[in-house]
Amino acid sequence: MFPTRQLTRAMGTYLAEEPRYSFLSRLGIAATNHGVYCGGGWRGSGQVIEPVCPANGRKIAQVTTAGPEDYRACSEAARSAWPLWASLPAPQRGEVVRRIGDALRSNLQDLGDLVSLEMGKIKAEGVGEVQEFVDICDYAVGLSRTYAGRVFPSERPGHLLMEQWNPLGPIAVITAFNFPVAVFGWNSAIGMACGNTVVWKPAESTPLTAVATMKIVAKVLEEAGAPPGVASLLVGGPGIGAALTADSTFPLVSFTGSCAAGKQVALKVQERFGRSLLELGGNNAIVVAADADLDMVMKSVVFACIGTAGQRCTTTRRLILHEAVYDTVLGRMVGAFGEAVKRTGDPLDERTLYGPLHSKRAVEGYLAAVEKAKALGGKVEYGGKVMDREGFYVEPTIITGLPHDSPLVLSETFAPIVYVLKCKSVEEAIRWNNEAKQGLSSSIFTQDIPTLFKWIGPLGSDCGIVNVNIPTNGAEIGGAFGGEKETGGGRESGSDSWKQYMRRSTVTINYSSGLVLAQGINFQ
């Protein structure tokens, strides 16, 4: 299954000790690292983990994870810091977030390279992810001066009816491996600008990115004189996530991960009447209508299907082609995938277009899906194999011949596999798009205005992200990011997503000299 030389290569030093990876030392990453930032200091009393580089299978460094006492200290620090942080005027909090954005700008290339090294996405995507954190900081600065309630007409004379938004308190943020910087950025920048303190549990397989990111954030907070505990980091396993989920200290738990894990988080948080913000799986489809611009389709489909080696939650998993263009698009896709694979390589090489899967487990999941597809009668039009090179590289894969409602087609495999389906009409394509239990992202390629409005209307795509003539992935920060159905219903980043991090109070102020009851009630 895996090349022999990958398994037998001698493990000498950690990558963090090698000159080629000097950007790690500039980010404060050494061969051994603490994985807990709490109350203004670094610590860790749990197990030692050794994250692996997906491009070569070698260990990068050591990280000491959080133990029970570390968890309790972080929970208490977040709780203690909150009244002080929430009492600062929102524009002052926004100024601190602005400084965080500036610090990230100064470390853009190095932190982006660490994302590529530890997660496995190519250099342009790694830097782009850090840029996303920078952008959301800029957005949060403006938000700190503009988020507002409303004033409503009161039916009672001498009364003011209004709404007031206030921060929730400490919030827990649990993130996934595939976006080890950006998702924390969405939650922390908006959450902190709104007056919350933040405790972050990153994925256990990308702890170094989390440590480096928190070092940047922590330095800004310390220099700004922010209360210790405004932002904390807990590197650890499922036990840390379970503790955050059950802890009533955190009125909001933001969770990014699988549908199955998200369901358990939601149930546990609901037991204590907390809020959960869920960003879960996606089985995203692109619909190609008969009148589509096929050149635009091809440019979009390659990135949509194989960008980040198919490990974005918005990756296109299903390609629904009108029968009039099916053969043409499929043929061109096979050629385009072949050209992209020629640029397989080290994610840190700027020439690389296609990188590895994140882990050995991901490779196993990919192989299992390919074999199951073939057993069900599917045809592998391109790919389907592990590449003969070190690291966790697989071929991007195109599969045809399976029915639109096949359980395999309607399940999410977090790998570069796309199922190509042939439809007779846009109406049929919309029905197939909506068959998936998840409802994250979707896109249609068409030049027809009525078709466009049908797609985005009430009887069109049922996803949270509904695109036209662009891929399913690569969302901007200005819109709300999230999906419907088993994707969880959460919304992060732009638009009015800030409301997820705040509580709303309806306020009635009587400034008259008498008491007037609503609805004309006379209670005397």
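In what follows, every heavy atom counts, from backbone to side chain, and hydrogens, waters and symmetry copies are set aside. Numbering starts at 1 and runs along the sequence shown. If you're wondering where the values come from, they're calculated on a predicted model, not measured in any experiment.
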Quiz item: What distance separates Leu114 CG from Leu27 CG, expressed to the nearest 0.5 Å?
Solution: 6.0 Å
Quiz item: Mind checking whether Arg275 and Leu168 have side chains closer than 4.5 Å, heavy atoms only?
Solution: yes
Quiz item: Judged by atom type as modelled, is there a donor-acceptor pair below 3.5 Å linking the side chain of Thr245 to the main-chain atoms of Lys268?
Solution: no
Exercise. Give, for atom OG1 of Thr249 and atom CD1 of Ile171, the distance between the pair rounded to the nearest 0.5 Å.
Key: 13.5 Å
Exercise. Take atom NZ of Lys499 as the centre, draw a 6.0 Å sphere, and report whether it contains more than 12 heavy atoms from other residues, nucleotides or ligands.
Key: yes
Exercise. Identify, with sequence neighbours excluded, every residue that meets side chain to side chain donor-acceptor pair (under 3.5 Å) alongside Asp102.
Key: Arg98, Arg105
Quiz prompt | Heavy-atom donor-acceptor pair, Tyr354 side chain to Ile306 backbone, under 3.5 Å | solution = no
Quiz item: Looking at residues at least two apart in the chain, or sitting in another chain, which of them share a ring-ring contact (aromatic ring centres under 6.0 Å, His included) with Tyr37?
Solution: Trp42
Quiz prompt | Val370 side chain near Ile417 side chain, heavy-atom distance below 4.5 Å | solution = yes
Exercise. Could you tell me whether the side chains of Thr206 and Glu118 share a donor-acceptor contact shorter than 3.5 Å?
Key: no
Self-check item: Salt-bridge contact Glu125-Arg312 (side-chain N to carboxylate O under 4.0 Å)
Solution: yes
Quiz item: Can you check whether Leu440 reaches Cys313 side chain to side chain, under 4.5 Å on heavy atoms?
Solution: yes
Quiz item: Is the NZ or CZ atom of Lys201 both under 6.0 Å from the centre of the six-membered ring of Phe184 and within 45° of that ring's axis?
Solution: no
Quiz item: Any luck finding a side-chain donor-acceptor pair between Thr175 and Trp200 under 3.5 Å?
Solution: yes
Exercise. Over all heavy atoms of both residues, which pair between Leu234 and Ala66 is shortest? Give the atoms and the distance, please.
Key: CD2-CB, 3.6 Å
Exercise. Can you sort out the partners of Trp498 under ring-ring contact (aromatic ring centres under 6.0 Å, His included), two or more places apart, ordered by chain and number?
Key: Tyr147, Trp165
Self-check item: Note: Lys342-Glu339 ion pair, threshold 4.0 Å (strictly below)
Solution: yes
Quiz item: For Ser441, what residues pass the side chain to side chain donor-acceptor pair (under 3.5 Å) criterion, not counting sequence neighbours?
Solution: none
Exercise. For the pair Leu108 and Leu104, evaluate side-chain contact (heavy atoms from CB on, under 4.5 Å) and give the outcome as yes or no after the intermediate values.
Key: CA-CA 6 Å; Leu108 189 70; Leu104 288 163; over 6 Å; no
Practice problem: Can you see which heavy atom on Lys485 is nearest to which on Asp462, and at what distance? | Solution: NZ-OD2, 2.7 Å
Quiz item: Is the shortest heavy-atom distance from the side chain of Val181 to the side chain of Val115 under 4.5 Å?
Solution: yes
Exercise. Indicate yes or no for a side-chain donor-acceptor contact from Lys360 to the backbone of Gly391 under 3.5 Å, with no hydrogens or angles considered.
Key: no
Self-check item: Check: Ser442/Asn433 side-chain N/O donor and acceptor closer than 3.5 Å
Solution: no
Self-check item: Minimum heavy-atom distance between Val63 and Pro51, given as atom pair plus value
Solution: CG2-CD, 4.5 Å
Quiz item: Is the shortest heavy-atom distance from the side chain of Leu376 to the side chain of Leu402 under 4.5 Å?
Solution: yes
Practice problem: Taking the side chain as every heavy atom from C-beta outward, state whether Ile174 and Ser254 have any atom pair closer than 4.5 Å. | Solution: no
Quiz item: Quick one: do the Ser75 and Asp247 side chains pair a donor with an acceptor below 3.5 Å?
Solution: yes
Quiz item: Between Thr308 (side chain) and Gln311 (backbone), is there a donor-acceptor pair under 3.5 Å?
Solution: no
Practice problem: Would you mind telling me which of Glu412, Gln438, Arg318 makes a side-chain hydrogen bond (donor to acceptor under 3.5 Å, both in side chains) with Asn283? | Solution: Arg318
Quiz item: Are Thr316 and Thr472 linked by a side-chain donor-acceptor pair shorter than 3.5 Å?
Solution: yes
Exercise. Quick one: closest heavy-atom pair of Pro396 and Phe337, and the distance?
Key: CB-CD2, 3.7 Å
Quiz item: Donor-acceptor pair, Tyr139 side chain versus Ser495 backbone, under 3.5 Å?
Solution: yes
Quiz prompt | Side-chain touch Thr314/Phe481, heavy atoms, less than 4.5 angstrom | solution = yes
Quiz item: Can Thr32 and Tyr14 be counted as having a side-chain donor-acceptor contact under 3.5 angstrom?
Solution: no
Quiz prompt | Ile398 and Met333, any side-chain heavy atoms less than 4.5 Å apart | solution = yes
Quiz item: Should Lys437 and Glu484 count as an ion pair when the cut-off is N to O under 4.0 Å?
Solution: no
Quiz item: With no hydrogens and no angle check, is any side-chain donor or acceptor of Asn467 less than 3.5 Å from a backbone partner on Pro471?
Solution: yes
Practice problem: Measure the CG-SG distance between Leu348 and Cys53 for me, rounded to the nearest 0.5 Å. | Solution: 7.0 Å
Self-check item: Short side-chain donor-acceptor distance under 3.5 Å, Glu492 and Asn187
Solution: yes
Quiz prompt | Passing candidate, salt bridge (Lys or Arg N to Asp or Glu O under 4.0 Å) with Arg58, options Glu390, Glu50, Glu17, Glu18 | solution = Glu18
Practice problem: Tell me, please, whether Tyr393 has Arg389 positioned over its six-membered ring: NZ or CZ under 6.0 Å from the ring centre and within 45 degrees of its axis? | Solution: yes
Quiz item: Do Asp70 and Ser45 have side-chain atoms, one donor and one acceptor, less than 3.5 Å apart?
Solution: yes
Practice problem: With sequence neighbours left out, write down each residue that passes ring-ring contact (aromatic ring centres under 6.0 Å, His included) with Phe255, or none if nothing qualifies. | Solution: none
Quiz item: Any side-chain donor paired with an acceptor under 3.5 Å for Arg272 and Ser248?
Solution: no
Practice problem: Kindly give the heavy-atom pair with the smallest separation between Ala203 and Phe177, and that separation in Å. | Solution: CB-N, 3.5 Å
Exercise. Taking Thr397 for its side chain and Gly384 for its backbone only, find out whether a donor-acceptor pair lies under 3.5 Å.
Key: yes
Quiz item: Is a side-chain donor or acceptor of Thr197 paired with a backbone partner of Ala81 at a separation under 3.5 angstrom?
Solution: no
Quiz item: CG/Asp113 to NZ/Lys123 distance, rounded to the nearest 0.5 angstrom?
Solution: 3.0 Å
Exercise. Might you work through the salt bridge (charged side-chain N to carboxylate O under 4.0 Å, His left out) test for Arg343 and Asp349, ending with a clear yes or no?
Key: CA-CA 10 Å; Arg343 294 175 61 187; Asp349 186 336; over 6 Å; no
Practice problem: Evaluate the criterion salt bridge (charged side-chain N to carboxylate O under 4.0 Å, His left out) for residue pair Glu222 and Lys219; output intermediate values, then yes/no. | Solution: CA-CA 5 Å; Glu222 291 165 9; Lys219 186 172 186 291; over 6 Å; no
Quiz prompt | Polar side-chain atom of Arg491 near backbone of Gly464 as donor-acceptor pair, under 3.5 Å | solution = no
Exercise. Give, for atom OG of Ser232 and atom OH of Tyr71, the distance between the pair rounded to the nearest 0.5 Å.
Key: 11.0 Å
Exercise. Enter the distance from Asn56:CG to Leu15:CG here, rounded to the nearest 0.5 Å.
Key: 5.5 Å
Quiz item: Counting only N and O atoms by type, is there a donor-acceptor contact under 3.5 Å from the side chain of Asp110 to the main-chain atoms of Leu24?
Solution: no
Quiz item: Do you know the tightest heavy-atom contact between Pro202 and Val235?
Solution: CG-CG2, 4.0 Å
Exercise. For Arg72, enumerate each residue passing the side chain to side chain donor-acceptor pair (under 3.5 Å) test, keeping only those at least two apart in sequence or located in another chain.
Key: Glu69
